[in-house]
Undergrad: 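Structure provided below as structure tokens; questions to follow.
Numbering of ligands and ligand atoms starts at 1, following listing order.
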Amino acid sequence: MNSQNILVTGASGLIGGAIWHRLESRGHRVYSLNRDDSGAPFYYSADSGEMRLDPHIELDAVVNLAGANISARRWSEEYKRLIMDSRVELTRALAVALADSAHKPRVLLSASAIGFYGDTGSETVDESSPRGTDFLADVAGSWEAACQPAIDAGIRTVNMRFGVVLSRDGGVLKEMLLPFKLGGGGKLGDGRQYMSWIALSDVISLIDLCLGDNGISGPINFVSGQPATNAEFTRALGKALRRPAFSPFLRAWLIRLLFGEMGETLLLGSNRVVSRRHEEIGFTPSAPTIADALNLELE
Ligand SMILES: NC(=O)c1ccc[n+]([C@@H]2O[C@H](COP(=O)([O-])OP(=O)(O)OC[C@H]3O[C@@H](n4cnc5c(N)ncnc54)[C@H](OP(=O)(O)O)[C@@H]3O)[C@@H](O)[C@H]2O)c1
């Protein structure tokens, strides 16, 4: 790719920071979407719904990752509204502004999540599977639907349905490192729930592919293709860190008590997600197994 102008929303986050670094190292000019009105070229106000895109900067691509953290606290009704609106309202305002701009970008890559499918138990699902019915499925469905103005304006749009992104720098893995290093690592609940994960480095490779290939659009599961049960993940992490992983340190009832609906969904829910599109778009993960991913991200 020649040097391009690329807007990244959620640029300060785990994925945003990594993709920013990659894009800049490739010689692109990368811009963030600011939430305080300090005269920055790209600005969004959640209060007024104003989305301001600098007309003098002709964007080639947009990577939309912004959203309030879903695991930061218990899900009160107020926090659920923030989880929803910080994704859906922002994405809709962005899609409308891009559609209305004189110079439309070639491509919009917009975050979504495998929560789209709901709790799938031990059933394997892929991009052709229907949307689930719980709160996160509603969020993901509405988030994707909010991209429609951009699609209608002819902007190639990819919905990145992220699985659990593994990185030592943030997210689930970082949270788990300390208890495991202290020897207190163990499975959650009965450990039979599936987690569909992907190494951060593979996320960045897949974003790169989606940015560059004009033939790719629609939903793509950002997963490794080999979901692990929580018990398998726990064993693999203990092995990678050379620490025991035997203590059942969080039983299901305690998770429900401590974390409510958030814990029930994120820690006890089961998502066994693969991709039927990776082969078609020519993507092969560099970390196909959980052991590969942990070795890669923890080395
Ligand atoms: N990482 C995963 O395992 C995973 C899995 C599934 C889906 N996803 C989705 O993919 C996206 C990127 O993930 P990530 O791990 O990079 O997320 P992250 O580290 O939590 O970063 C989220 C980004 O969104 C911004 N943000 C926070 N609250 C906001 C609000 N109220 N309005 C607008 N922006 C807000 C943050 O900016 P500040 O620094 O200003 O707070 C940050 O730049 C997220 O939307 C996430 O839900 C991630």
Undergrad: Using only heavy-atom distances, determine whether the side chains of Thr289 and Asp292 contain a donor-acceptor pair under 3.5 Å.
TA: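 Yes - a donor-acceptor pair under 3.5 Å links their side chains.
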
Undergrad: So which bit of Trp143 gets within less than 4.0 Å of ligand 1, heavy atoms only: side chain, backbone, both or neither?
TA: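 Looking at Trp143 and ligand 1, just side chain atoms fall under 4.0 Å.
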
Undergrad: So, Arg277 side chain and Pro219 main chain: donor-acceptor pair closer than 3.5 Å or not?
TA: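 Checked: pair present.
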
Undergrad: Can you report which non-hydrogen protein atom sits closest to atom 41 (O) of ligand 1, along with the distance?
TA: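 Looking at atom 41 (O) of ligand 1, the protein heavy atom closest to it is Arg35 NH2, 3.3 Å.
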
Undergrad: For atom 28 (N) of ligand 1, what is the closest protein heavy atom, and at what distance to 0.1 Å?
TA: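 Looking at atom 28 (N) of ligand 1, the protein heavy atom closest to it is Ala68 CA, 3.4 Å.
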
Undergrad: At under 4.0 Å between heavy atoms, which part of Ile15 makes contact with ligand 1: side chain, backbone, both or neither?
TA: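 Both backbone and side chain of Ile15 come within 4.0 Å of ligand 1.
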
Undergrad: Please confirm whether Gly171 approaches ligand 1 to less than 4.0 Å, judged on its heavy atoms.
TA: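 Contact absent.
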
Undergrad: Can you list the ligand 1 atoms lying under 4.0 Å from a non-hydrogen atom of Ser86?
TA: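 Atoms satisfying the 4.0 Å criterion: 30 (C), 31 (N), 32 (N).
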
Undergrad: Under the ring pair (Phe, Tyr, Trp, His ring centres under 6.0 Å) rule, collect the residues that match up with Tyr43, sequence neighbours excluded.
TA: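 Not a single residue meets the ring pair (Phe, Tyr, Trp, His ring centres under 6.0 Å) criterion with Tyr43.
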
Undergrad: Strictly below 4.0 Å, N to O, side chains only: are Glu89 and Arg92 in salt-bridge contact?
TA: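 Salt bridge flag = yes for Arg92 with Glu89.
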
Undergrad: Please say yes or no: joined through hydrophobic side-chain contacts below 4.5 Å, possibly via intermediate residues, are Met262 and Ile70 part of one cluster?
TA: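 In one cluster: yes.
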
Undergrad: Can an N or O of Leu65 be found at a distance shorter than 3.5 Å from an N or O of ligand 1?
TA: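 Yes; the residue has a nitrogen or oxygen that sits under 3.5 Å from a nitrogen or oxygen of the ligand.
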
Undergrad: Any atoms of ligand 1 less than 4.0 Å from a non-hydrogen atom of Asn69? List them with their elements.
TA: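 Selected atoms, number and element: 20 (O).
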
Undergrad: Looking at Glu299 and Arg168, is there a salt bridge between them, counting it only when a charged N and a carboxylate O are closer than 4.0 Å?
TA: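 No, Arg168 and Glu299 are not salt-bridged.
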
Undergrad: Please say whether Gly67 places an N or O atom under 3.5 Å from an N or O atom belonging to ligand 1.
TA: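 Yes; at least one N/O pair falls below 3.5 Å.
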
Undergrad: Would you indicate whether the side-chain heavy atoms of Leu109 and Val62 approach each other to under 4.5 Å?
TA: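 A side-chain contact under 4.5 Å is absent here.
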
Undergrad: When you check the side-chain N and O atoms of Gln148 and Asp152, is any donor under 3.5 Å from an acceptor?
TA: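 Short answer, yes.
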
Undergrad: Which of the atoms in ligand 1, numbered in the order shown and given with their element, are less than 4.0 Å from a heavy-atom of Ala11?
TA: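 Close to Ala11: 43 (O).
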
Undergrad: Within less than 4.0 angstrom of ligand 1, does Arg87 place any heavy atom?
TA: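 It does; at least one heavy atom falls under 4.0 Å.
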
Undergrad: Between Asn34 and Ser32, is any side-chain donor less than 3.5 angstrom from a side-chain acceptor?
TA: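 Checked: Asn34/Ser32 side chains pair up, N/O donor to acceptor below 3.5 Å.
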
Undergrad: I need the atoms of ligand 1 closer than 4.0 Å to a non-hydrogen atom of Ser112, numbered in the order shown.
TA: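 Those atoms are 7 (C).
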
Undergrad: Show me which atoms of ligand 1 lie under 4.0 Å from any heavy atom of Val164.
TA: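 Near Val164, meaning under 4.0 Å from one of its heavy atoms, ligand 1 has 3 (O).
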
Undergrad: Have a look at ligand 1 and work out which part of Met160, if any, has a heavy atom under 4.0 Å from it: side chain, backbone, both or neither.
TA: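 Neither; nothing of Met160 gets under 4.0 Å from ligand 1.
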
Undergrad: Hydrogens and angles aside, do Tyr117 and Asn221 bring a side-chain donor and acceptor to less than 3.5 Å of each other?
TA: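 Note: Tyr117 and Asn221 side chains meet the donor-acceptor criterion.
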
Undergrad: Under 4.0 angstrom from ligand 1, any heavy atom of Gly163?
TA: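 The answer is yes, since Gly163 has a heavy atom less than 4.0 Å from ligand 1.
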
Undergrad: Out of Gly13, Ser12, Ala113, whose heavy atom sits nearest atom 36 (C) of ligand 1?
TA: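 Shortest heavy-atom distance from atom 36 (C) of ligand 1: Ser12.
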
Undergrad: Just need the protein heavy atom nearest to atom 10 (O) of ligand 1, so name the residue and atom and give the distance.
TA: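 The closest heavy atom on the protein side is Phe162 CD1, 3.4 Å.
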
Undergrad: Using a distance-only test with no angle check, is there a side-chain donor-acceptor pair under 3.5 angstrom linking Arg106 and Gln4?
TA: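 Side-chain D/A pair, Arg106 to Gln4: present.
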
Undergrad: Tell me which protein heavy atom sits closest to atom 15 (O) of ligand 1, plus the residue, atom name and distance to 0.1 Å.
TA: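 Nearest protein contact, heavy atoms only, for atom 15 (O) of ligand 1 is Leu14 CB, 3.7 Å.
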
Undergrad: Using a 4.5 Å cut-off on heavy atoms from C-beta on, say whether the side chain of Arg22 contacts that of Asp208.
TA: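 Touching, per the 4.5 Å side-chain cut-off.
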
Undergrad: Which atoms of ligand 1 are found less than 4.0 Å from any heavy atom of Val165?
TA: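 Under 4.0 Å from Val165, ligand 1 has these atoms: 1 (N), 2 (C), 3 (O).
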
Undergrad: For ligand 1, find out whether one of its N or O atoms is nearer than 3.5 Å to an N or O atom of Gly10.
TA: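 Yes, there is a polar N/O contact under 3.5 Å.
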
